[in-house]
Amino acid sequence: MLRLNNVCARYNILDGYVNAVNDMSFSVMDNEIFGIAGESGCGKSTLLKVMYDLIGYPLEISEGFIELYAKKQDGSEKVYKNGEIRNRRWKEISYVPQGAMHVLNPVRKIDTQFYDTIGKSEKKMGKKQMHDRIVAYLKELELPAEVMKSYPHQLSGGMKQRIMIALATFQSPSIILADEPTTALDVVVQRGILMMLKGVQKKIGNSIVIVSHDLGVHYQITDRMGIMYAGEMVEIGPTDELFKNPRHPYTKMLIDALPRIGDISQKEGIAGTPPSLKNPPPGCRFAPRCLYATDMCREVHPKRYEIGKTHQASCHLLDGKYPVIGGNKNA
Ligand code: SF4
């Protein structure tokens, strides 16, 4: 559905570059929910912007390319690369940005915001027909038609988030990118939003990429997930397998820090902070915080290893135990 090929992206900050995404290679498959996890500042949101082709100063792609595979009506496939993907927005690929509930225009009613957004790509559809289709779609998502005549400030945070998801999914895009869709919502509303996303994915049969720092969110909703650290994907695999058998020390530490029902032990955070992305260290970027770090870890960047058909991790501890994945500078 979407493939990243050795993609590097960076911010031009005049006195240098912040290398927010480094040598990223992975695919998002048809009909799956793919999660991206990692602590704040690790490059998750930048990666999502890159996937959405939201490139513009100061963000630039310095290496690699992205491919979006879109199915045409006759069943054949057309491939769009970065630079072209932006022309496929809403119909083929859509994006729910971070803090989406705050991006609705405060001085325009919800119906106008739907017309403004959808009207650009549905030029032949009359206003009445569009209105009826939007109301019918909101009903399918169990949202009241009355919201159409509301201003954003008249709606709760959870409702605004649902409206944004409805807007992003109205044209049944093949892939939806959602950046922290449950942040700042209480757990009950959070669950409602996650179930809504899952329901939409099942109904349309498309793919969703969901970025969240909350591993609990990934556990509930994703089929596969990738763990990012300091601009790199350090582990990727099926969600169940990653939780049961994490192979990268960072993934393991993140999972161990999760609270569990009945467990009253004091949870330890991960000591230290991620390195600067302006001048990242030459070896493993996690080395200053890793309990297993050796001199080699501090000097040599780890390769990427194939633990299983769909499970990969980058760590020197896996050296000699699993095959190295080739064709990637990280690998
Ligand atoms: Fe830790 Fe070394 Fe593995 Fe990095 S490569 S995660 S420092 S053991």
Side-chain angles (χ1 to χ4, degrees), residues 4 6-10 17-26 34-47 63-64 211-215 218-219 222 224-258 267-331:
L4 279 80
N6 308 107
V7 173
C8 298
R10 60 191 188 181
Y17 292 99
V18 173
N19 302 291
V21 170
N22 185 41
D23 209 10
M24 203 61 78
S25 290
F26 67 90
F34 180 76
I36 300 172
E39 62 200 296
S40 298
C42 70
K44 304 185 295 296
S45 295
T46 304
L47 177 59
E63 275 181 61
V211 155
S212 177
H213 63 275
D214 184 343
L215 283 190
H218 292 287
Y219 190 71
T222 62
R224 277 195 315 135
M225 62 185 291
I227 306 289
M228 273 187 83
Y229 185 78
E232 298 182 335
M233 196 68 88
V234 294
E235 187 159 8
I236 191 165
T239 304
D240 282 347
E241 198 174 318
L242 247 62
F243 272 82
K244 277 188 208 137
N245 187 24
R247 304 312 301 265
H248 193 282
Y250 179 58
T251 313
K252 191 168 180 337
M253 286 166 102
L254 286 178
I255 290 169
D256 287 347
L258 274 176
K267 294 290 170 198
E268 296 284 329
I270 304 176
T273 51
S276 157
L277 293 180
K278 203 172 164 196
N279 289 307
C284 173
R285 294 183 177 186
F286 189 55
R289 304 170 79 185
C290 182
L291 302 173
Y292 309 98
T294 62
D295 287 346
M296 180 164 89
C297 297
R298 283 178 268 277
E299 285 155 22
V300 182
H301 195 283
K303 294 169 181 164
R304 189 177 298 166
Y305 297 91
E306 186 176 349
I307 292 149
K309 253 189 171 170
T310 52
H311 189 175
Q312 305 171 359
S314 303
C315 173
H316 288 307
L317 293 176
L318 305 170
D319 197 21
K321 295 179 188 153
Y322 298 98
V324 174
I325 296 169
N328 184 323
K329 280 187 290 171
N330 268 358

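Counting from 1, the numbers follow the sequence of the chain as shown. Each ligand, and each atom within it, is numbered from 1 in the order the structure gives. Side-chain atoms are counted along with the backbone in the values below, which use heavy atoms only and exclude waters and symmetry mates. Bear in mind that the values here come from a model prediction, so they are computed numbers and not experimental data.
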Q) Parallel under 30°, tilted from 30 to 60°, perpendicular over 60°: which one fits the rings of His248 and Phe286? A)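 Tilted, since the angle between the ring planes falls between 30° and 60°.
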Q. Mind checking whether Leu215 and Ile255 have side chains closer than 4.5 Å, heavy atoms only?
A. yes
Q: Please tell me if the side chains of Phe34 and Ile236 come closer than 4.5 Å, counting only heavy atoms from C-beta onward.
A: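 Counting from C-beta outward, Phe34 and Ile236 do come under 4.5 Å.
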Q | Protein-derived N, O or S atoms lying under 2.8 Å from atom 1 (Fe) of ligand 1, waters excluded | A | 1
**Q.** Modelled atom types, side-chain donor and acceptor of Glu235 and Tyr305, under 3.5 Å
**A.**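 Side chains of Glu235 and Tyr305: no pair found under 3.5 Å.
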Q: Using the test side chain to side chain contact (heavy atoms under 4.5 Å, CB included), find all partners of His316 that sit at least two apart in sequence or belong to another chain.
A: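 Side chain to side chain contact (heavy atoms under 4.5 Å, CB included) list for His316, sorted by chain: Met296, Cys297, Val300, Pro302.
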(Q) Among Gln312, Met233, Arg304, exactly one meets side-chain contact (heavy atoms from CB on, under 4.5 Å) together with Ser25. Which residue is that? (A)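 Passing option: Arg304.
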